[in-house]
Amino acid sequence: NLIACELFLNGQILTNYPAPAGEVAYTWYPHKILREARVEGLSITTELFMPSKQRVVAEKIVVKNESREPRQGTLGFDLRAGVALMTRKAGWWYRYADLDNRIAPDEPRGCLVFESQHMQAVSVQGVHPRPVRIEQRRMLVHEFSLAPGESQTFHYLNVIDASAQAALGIYDRVQSQFDGLL
């Protein structure tokens, strides 16, 4: 059970803030999942969806300062993967996550490449705009500074393919077209 793109605010996982701050409201639609949380005067809204006919999961993340004071801090995106190739046996498709994927940063793109060590399977995950740094090999960290009422938008992608080169090509294409996909 791997959770990819877990959000951290100022080094603390968002879901661990004391209630009601850590509480997340979910709205499920046929084409997307909308999540909303409020923490320390910030509104954090995510829209998770899968672009049609692609092995891509996309998420639009908006952080808005709802307070009357300027806000600054860090937003961390904890990325994980257990990418593996599905196999067919006795009429059933199955595959458990590979828990030992290799992780390689692609700093020019601001993403991480997770690669199966056992088969041809790759997950490229990243957030646009590019992070200011990568911590603990898998945490993309952004710094923000928001005036009252101001917001900042991030675009998260998880692209799956057989090779890193193919997945990175899709990642570049989809990030460049992100707003049109939603």
Side-chain angles (χ1 to χ4, degrees), residues 1-9 11 13-15 24 26 29 31-35 44-63 74-88 93-144 151-182:
N1 184 19
L2 296 174
I3 298 175
C5 199
E6 192 80 52
L7 295 178
F8 283 69
L9 178 62
I13 192 167
L14 196 61
T15 55
V24 180
Y26 294 85
Y29 297 94
H31 63 292
K32 69 180 178 182
I33 301 168
L34 179 66
R35 293 179 291 206
I44 301 172
T45 305
T46 69
E47 290 181 75
L48 180 72
F49 63 99
M50 294 179 69
S52 179
K53 300 179 183 178
Q54 299 182 59
R55 290 184 184 144
V56 176
V57 173
E59 187 170 33
K60 178 180 176 183
I61 301 159
V62 179
V63 179
T74 62
L75 191 63
F77 300 86
D78 186 18
L79 307 182
R80 298 171 187 254
V83 68
L85 185 65
M86 296 291 291
T87 56
R88 186 171 172 85
W93 286 98
Y94 75 99
R95 182 64 194 181
Y96 297 102
D98 285 349
L99 300 179
D100 60 349
N101 286 173
R102 281 189 296 266
I103 306 171
D106 186 317
E107 293 188 26
R109 289 180 170 94
C111 65
L112 300 177
V113 179
F114 296 87
E115 187 172 5
S116 172
Q117 296 186 64
H118 311 286
M119 56 197 63
Q120 290 186 311
V122 173
S123 167
V124 171
Q125 297 181 49
V127 178
H128 180 79
R130 288 182 21 184
V132 293
R133 65 184 174 276
I134 299 172
E135 295 177 355
Q136 303 169 20
R137 296 186 57 221
R138 65 172 199 265
M139 175 85 70
L140 304 184
V141 179
H142 290 265
E143 295 175 353
F144 66 87
S151 64
Q152 185 171 357
T153 300
F154 301 91
H155 296 160
Y156 163 77
L157 290 179
N158 184 346
V159 177
I160 306 292
D161 211 299
S163 74
Q165 182 178 357
L168 286 166
I170 295 167
Y171 179 85
D172 290 341
R173 179 179 48 80
V174 174
Q175 276 291 17
S176 71
Q177 303 169 349
F178 194 98
D179 289 329
L181 293 173
L182 185 59

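Note that the numbering runs from 1 along the sequence shown for the chain. Computation of the quantities below employed the complete heavy-atom set of this structure, encompassing side-chain atoms and omitting hydrogens, waters and symmetry-equivalent molecules. Note that this is a predicted model, so its numbers are computed, not measured.
- For Glu135, the salt bridge (Lys or Arg N to Asp or Glu O under 4.0 Å) partners are Arg133, not counting sequence neighbours.
- For the atom pair Leu168 CG and Cys111 SG, the distance stands at 5.5 Å (nearest 0.5 Å).
- Residues forming a side-chain hydrogen bond (donor to acceptor under 3.5 Å, both in side chains) with Thr46 (at least two apart in sequence, or on another chain): Arg35, Glu59.
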- request: Could you check Arg55 against Ile170 for side-chain contact (heavy atoms from CB on, under 4.5 Å), going step by step and ending with a plain yes or no?
  value: CA-CA 9 Å; Arg55 290 184 184 144; Ile170 295 167; over 6 Å; no
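- Within the model, atoms CD1 of Ile134 and CG of Leu112 stand 5.0 Å from one another, a figure rounded to the nearest 0.5 Å.
- A 6.0 Å sphere centred on CD of Gln165 holds no more than 12 heavy atoms belonging to other residues, nucleotides or ligands.
- Atom OG1 of Thr74 and atom CD of Glu143 lie 7.5 Å apart (nearest 0.5 Å).
- For Asp78, the salt bridge (Lys or Arg N to Asp or Glu O under 4.0 Å) criterion is met by Arg80, Arg138, not counting sequence neighbours.
- Separating the CD atom in Glu115 from the CZ atom in Arg102 is a distance of 4.5 Å, to the nearest 0.5 Å.
- Judged as a ring-ring contact (aromatic ring centres under 6.0 Å, His included), the pairs with a partner in residues 155-174 (not counting sequence neighbours) are, in order, His155-Phe178.
- Remark: side-chain polar atoms of His142 are paired, donor with acceptor, to backbone N or O of Pro129 under 3.5 angstrom.
- The shortest side-chain heavy-atom distance between Arg173 and Gln54 falls under the 4.5 Å cut-off.
- A search for salt bridge (Lys or Arg N to Asp or Glu O under 4.0 Å) contacts involving Arg109 returns Asp106, Asp172, not counting sequence neighbours.
- Atoms NE2 and CD, from His128 and Gln175 in turn, are 6.5 Å apart once rounded to the nearest 0.5 Å.
- Looking at Leu34 and Tyr29, their side chains come closer than 4.5 Å, going by heavy atoms from C-beta outward.
- Aromatic pair His31/Phe49: centroids not less than 6.0 angstrom apart.
- The two residues Ser116 and Asn101 have their closest heavy-atom pair at CA-ND2, 3.5 Å.
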task: Show your reasoning for whether side-chain contact (heavy atoms from CB on, under 4.5 Å) applies to Ile44 and Val62.
output: CA-CA 6 Å; Ile44 301 172; Val62 179; over 6 Å; no
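- Side-chain contact between Val122 and Asp161: absent, with no pair of heavy atoms (C-beta onward) separated by less than 4.5 Å.
- Around atom CD of Gln136, no more than 12 heavy atoms belonging to other residues, nucleotides or ligands sit under 6.0 Å away.
- Using a 4.5 Å heavy-atom cutoff, the side chains of Phe77 and Phe154 are in contact.
- Interatomic distance, CG of Leu79 versus CG of Asn158, reported as 8.5 Å (0.5 Å rounding).
- The shortest side-chain heavy-atom distance between Val57 and Leu48 falls under the 4.5 Å cut-off.
- By the 4.5 Å heavy-atom criterion applied to side chains, Val113 and Ile103 are not counted as neighbours.
- No hydrogens or angles considered: a donor-acceptor pair under 3.5 Å links the side chains of Ser123 and Gln125.
- Not counting sequence neighbours, Phe114 has no partner by the ring pair (Phe, Tyr, Trp, His ring centres under 6.0 Å) test.
- Residue Val174 comes nearest to Leu181 through the heavy atom pair CG1-CD1, 3.2 Å, listed as atom of the first residue, atom of the second, then distance.
- Side-chain contact between Leu7 and Ile13 is absent, with no heavy atoms from C-beta onward closer than 4.5 Å.
- Residues Val56 and Leu157 have side chains in contact (heavy-atom distance under 4.5 Å, counting atoms from C-beta outward).
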